[in-house]
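A short worksheet on the structure shown next.
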There are 2 protein chains.
Amino acid sequence: MDTTATVREQILDHAITLMMLHGYNGFSYRDLSELVGVKTSSIHYYFPSKEDLALEAVNEYSNQIFGLLRAVDASLPADVKLARYTKMFGRTLGDGNQICLCGMLAADIGSLPDNIRAAVQAFFKTNESWLAKVLAQGLKERTLVVNGKPESAARALFAAYQGSGLASRLFQTKTRLEEIEALWKVSK
Amino acid sequence: MDTTATVREQILDHAITLMMLHGYNGFSYRDLSELVGVKTSSIHYYFPSKEDLALEAVNEYSNQIFGLLRAVDASLPADVKLARYTKMFGRTLGDGNQICLCGMLAADIGSLPDNIRAAVQAFFKTNESWLAKVLAQGLKERTLVVNGKPESAARALFAAYQGSGLASRLFQTKTRLEEIEALWKVSK
DNA sequence: GTCTATACCGGGATAGAC
DNA sequence: GTCTATCCCGGTATAGAC
């Protein structure tokens with residue numbers, strides 16, 4: 001296994017983390033430069049503008065998450081899939097000081113160009129349609145409680161995850177994430 | 001009726017709007033200076049530091065929202081109260097380019113001092129406990145569907161509102177807010 | 001209370017040597 | 001590809017006149 005990360009990859013990874021911590025307007029090329037150990041001008045070599053960097057960060061982040069979604073075994077019952085999703089979302093919160101990159105950029109969207117908006121929208125839509133399928137399955141299996149249409153409920157559910165990410169960090173507790181999942185479980 | 005706003009009030013109001021649009025790191029004293037029509041040094045006279053300004057903005061915003069919550073007639077059925085809340089939350093989104101100030105500052109919390117964090121936490125808690133009471137009432141009346149304890153469900157519900165605020169702006173549609181409310185209504 | 005002037009730092013970005 | 005050097009702007013903040 002090759003553990004060598006190129007400079008470009010390091011920049012992208014640190015950019016993702018920094019934005020999850022402080023948002024688009026809350027990190028600088030200088031911060032990155034210190035983390036990666038190259039000068040800011042070298043970062044401009046790979047990513048001419050900060051917006052270029054942010055766009056590629058969203059794409060890289062999205063691909064990582066989409067890979068995790070695909071890795072969820074299709075044959076599992078819906079309530080178990082939802083539990084996996086909750087766990088995955090919890091992992092993106094890291095030590096409790098970061099939130100989902102695309103949730104963060106949705107907050108910063110007023111400062112961002114259209115191509116980044118489109119990329120963030122795509123992230124939302126993919127998550128929502130994955131969740132919609134799980135809810136539809138849970139409805140059929142009777143393993144999940146779904147009030148209304150799966151597509152509409154999935155959008156509300158994803159919003160709840162994003163909002164809970166905010167609250168989890170604000171209050172420094174992950175219990176708020178688990179409360180989301182509980183709402184859709186069939187009461188015992 | 002006195003329509004005269006003091007300079008101090010104007011600064012605070014514009015600061016609230018600017019932060020709802022662009023976040024704490026996305027607006028400047030210069031922006032404010034142009035909107036209010038005074039020099040940046042005059043703003044420092046009222047609010048020595050940017051953090052002072054943000055803290056007072058949160059308190060002012062919170063008081064406005066809390067006033068609206070108190071104004072909801074206690075004798076209404078729970079589902080109607082929830083509809084009022086949805087409408088109120090929708091109004092805070094304005095023309096569709098802003099989100100709840102405290103949702104925004106929750107995203108920016110990694111750049112903010114403890115006193116602001118505490119103020120944002122207080123905003124969350126007040127909204128959550130207001131919603132918890134409504135859910136408890138709806139449970140008794142059988143006008144709302146509540147899965148689990150009202151307190152826990154209320155935290156999830158408020159998270160869903162915050163997340164839907166993000167999504168509403170991202171996709172430039174308010175239908176996502178209404179989808180939240182629909183989930184808690186008793187199916188017809 | 002509001003202004004002018006200014007300090008001082010940090011921001012993104014570019015030119016050009018190596 | 002990475003560096004040094006530099007540009008130019010914008011950021012918060014302060015001193016002091018009026």
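By convention in this document, chain letters (A, B, ...) are assigned in the order of the sequence lines, proteins followed by strands, and residues within each chain are numbered from 1.
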Which protein N or O atoms sit under 3.5 Å from an N or O of nucleotides 12-15 of chain C?
| residue | atom | partner | partner atom | Å |
| --- | --- | --- | --- | --- |
| dG12(C) | OP1 | Lys50(A) | NZ | 3.1 |
| dG12(C) | OP2 | Tyr29(A) | N | 2.8 |
| dA13(C) | OP2 | Lys50(A) | N | 2.9 |
| dA13(C) | N7 | His44(A) | NE2 | 3.3 |

Margin query: With a 4.0 Å cut-off on N to O distance, would you call Lys39(A) and Glu34(A) a salt bridge?
Written below: no
Margin query: Could you check, using the six-membered ring where one of them is a Trp, whether Trp130(B) and Tyr85(B) have ring centers closer than 6.0 angstrom?
Written below: yes
Checklist line | Phosphate OP1/OP2 of dT2(C) contacted by Tyr46(B) side-chain N/O (<4.0 Å) | finding: yes
Notebook entry, point to check: Is it the case that more than 12 heavy atoms not belonging to Asp114(A) sit under 6.0 Å from its CG atom?
Noted result: no
Notebook entry, point to check: Which whole-number value in Å describes the distance from Leu53(B) CG to dT12(D) P?
Noted result: 10 Å
Item checked: Whole-Å gap separating C1' (dG11(D)) and NE2 (His22(B)) -> 16 Å
Checklist line | Between C1' of dA15(D) and NZ of Lys39(B), the distance in whole Å | finding: 17 Å
Check: Is any side-chain N of the basic residue among Lys133(A) and Glu151(A) closer than 4.0 Å to the acidic one's carboxylate O?
Finding: no
Item checked: Under-4.0 Å side-chain N/O to phosphate OP1/OP2 contact, Ser42(B) with dG1(C) -> no
Item checked: Whole angstrom value for the distance that separates P of dG1(C) from CD1 of Ile11(B) -> 11 Å
Notebook entry, point to check: In terms of the angle between their ring planes, are Tyr29(A) and His44(A) parallel, tilted or perpendicular, with boundaries placed at 30° and 60°?
Noted result: parallel
Checklist line | Ion pair Glu179(A)/Arg155(B), N-O distance below 4.0 Å | finding: yes
Next item on the list: Calculate the interatomic distance between Tyr45(B) atom OH and dA17(D) atom P; express it in whole Å.
Entry: 18 Å
